[in-house]
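Below: one structure, written as structure tokens.
A, B, ... follow the sequence lines: proteins, then strands. Residue 1 opens every chain.
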There are 2 protein chains.
Amino acid sequence: MSSVPIPITSHGLQVACSACNLRELCMPVGLSDQEIERVDELVGARRKVARGMPLYLAGEPFQSLFAIRTGFFKTEVVSEDGREQVTGFQMAGELMGLDGIGTGQHNCDARALEDSEVCVIPFNRLSELSREIDTLQHHFHKVMSREIVRDQSVMMLLGTMRAEERLAAFLVNLSQRFVSRGYSATEFNLRMTREEIGSYLGLKLETVSRGLSRLQDEGLLSVSNKNIRIHKLDDLKKAMSPRC
Amino acid sequence: MSSVPIPITSHGLQVACSACNLRELCMPVGLSDQEIERVDELVGARRKVARGMPLYLAGEPFQSLFAIRTGFFKTEVVSEDGREQVTGFQMAGELMGLDGIGTGQHNCDARALEDSEVCVIPFNRLSELSREIDTLQHHFHKVMSREIVRDQSVMMLLGTMRAEERLAAFLVNLSQRFVSRGYSATEFNLRMTREEIGSYLGLKLETVSRGLSRLQDEGLLSVSNKNIRIHKLDDLKKAMSPRC
DNA sequence: GCTCATTATTGACGTCGATCAATGCGCGGT
DNA sequence: ACCGCGCATTGATCGACGTCAATAATGAGC
């Protein structure tokens, strides 16, 4: 397989939104059959992105949103003076690209952390359709709003939490998102490096490593490289709060 | 005047959106006269909020967005364990409440830092109207997207910058926003306390105070309590980057 | 105009996380 | 299957920011 991301045009073999098992995650519920058909047409293409490759880069013209079908991504902002900040990790069913609407250009890099596949959602078609289907419009507004709320909770994390608290919060968040996708809450593989975790949490990679070792020493979990086994999820949640 | 925020119903004396001097800031350009008339009807009421009083509180049902006509606000998230994080400072022409759309409840407190007045924009009416006027729809999407981008740049600040860099970035940002409202870029009054600045920047109030003193010692600006006079705006911008 | 609580400044000291460094290991790629 | 580099772990030291504390200045409210 080529390592260059190539747009794949729609073909019969692909799963339509109406039959997609991620439907509850990225599409509104309560659409009529007729409306669902129109949403099916909205998703024009699929696109595979190999591990390490960008889905889009900051500065590229914004045209589409992307819904993750399979795989795992990170989004990353690079400032003028070269500082890098991972702004999020995205998994199946989540939407990427919302930050490009405002300026017409993508504001961050989106890069696959494992071989992935996304649905391409042309934004102007989404706009048109959401003018006609108010359930879709409202759903889209909710998704954007939730992204704002998510960002605010990251601000809270970065602004007020200690290193170990940030790590606990990060792992609990991952755990919950895996659960809602039908995976184990207590065992999963990290797709990102310690450095990427550190960038997201405002820490250096050594601090991330030390923090994980510490949580292991405390018996809350086991770490073996990228594999995480949470033994005491409740205590891990408590570790998000001060002095525990 | 009562110190309790009371909804004020619309009356003839009020400035319509079509005649509002903040129009370029909160409304789309390029509407037809007819469309502008309909937008005028969208803003049902004005509301005065006295200094220190909440415009809304986290947990309250979300029904409307608010556009600031005059005054100054802060938004603040309080976590379950009692931690407080100022997520932003808002001034005239800026929109508040977007974070409430996702859950139907406000996600943060919005509090006036000085006596203020806002336009109340019922969200369901905005939704309806934006289904009919696509310029309005697109403008609204842009505003939400820009909020996401703004939050991401705060994440960058909190995740990668040193105390003095954060302060410089904060002041430069304020400066730019004052300029675009026709005020001086180099002299303005802070409406918030050192503690509120600290909460926003992920610092303690003493560190904020020390940082301001340091920028003053370096000759970049003068501080006298809430009054800021920037002497070397260019150098202040440079102070946002490392090793300067 | 006065008063007092709030806000701001500054100093001394402690601590958490960054930095520098060395070693080991795992896994992706051929 | 093997190779080699990227990734992870751990230790020692340093420094930036937090904490604690004392004082000063401001301005909001009476």
Classify B/Leu203 by what it touches in the nucleic acid, base, sugar-phosphate, or nothing, heavy-atom distance under 4.0 Å. sugar-phosphate
Grab the CG-C1' distance between B/Asn225 and D/dA28 for me, whole Å please. 14 Å
I want to check one thing: is the phosphate of D/dA8, taken as OP1 and OP2, less than 4.0 Å away from some side-chain N or O of A/Arg194? yes
Whether B/Arg210 contacts C/dT10 is assessed here as follows: a side-chain N or O lying under 4.0 Å from the phosphate OP1 or OP2. Is that the case? no
Could you state the atom-to-atom distance from CD of B/Glu114 to P of D/dG27 in whole Å? 14 Å
Which residues pass the side chain to side chain donor-acceptor pair (under 3.5 Å) test with B/Arg210, sequence neighbours left out? none
Rounding to an integer number of Å, can you tell me how far B/Arg214 CZ sits from C/dT9 C1'? 16 Å
So what does B/Gly202 touch, heavy atoms closer than 4.0 Å: a base, only the sugar-phosphate, or nothing? sugar-phosphate
Any side-chain heavy atom of B/Thr75 sitting closer than 4.5 Å to one from B/Cys108? yes
Tell me whether the OP1 or OP2 atom of C/dG17 has a side-chain N or O from A/Thr207 closer than 4.0 Å. no
What nucleotide, of D/dT19, C/dT9, D/dA28, holds the atom closest to the side chain of B/Lys204? D/dT19
May I ask you to say whether B/Lys238 pairs ionically with B/Asp235, meaning some side-chain N is under 4.0 Å from a carboxylate O? yes
How long is the line joining CZ of B/Arg162 and P of C/dG17, in whole Å? 17 Å
Between CE of B/Met53 and P of D/dA28 the distance, given in whole Å, is 17 Å
Taking any heavy-atom pair under 4.0 Å as a contact, classify B/Gly198: base, sugar-phosphate, or nothing. nothing
Between A/Ala163 and B/Val208, name the one whose nearest nucleotide on DNA chain C is closer to the 5' end. B/Val208
B/Glu206 side chain, from C-beta outward: closest of D/dT10, D/dT9, C/dT10: C/dT10
Taking the six-membered ring for Trp, is the centroid-to-centroid distance between B/Phe188 and B/Tyr183 below 6.0 Å? no
Residues A/Asp234, A/Lys232: salt bridge by 4.0 Å N-O rule: no
For the side chain of B/Thr193, counting heavy atoms from C-beta on, which of D/dT9, C/dA8, D/dA28 is nearest? C/dA8
Send over the distance from B/Leu190 CG to D/dG27 C1', rounded to a whole Å. 16 Å
Measure from NZ on A/Lys226 to P on C/dC27 and round the result to the nearest Å. 8 Å
By the 4.0 Å heavy-atom rule, please label A/Ser209 as base, sugar-phosphate, or nothing. base
Quick one: A/Met192 CE to D/dG6 C1', roughly how many Å, whole number? 17 Å
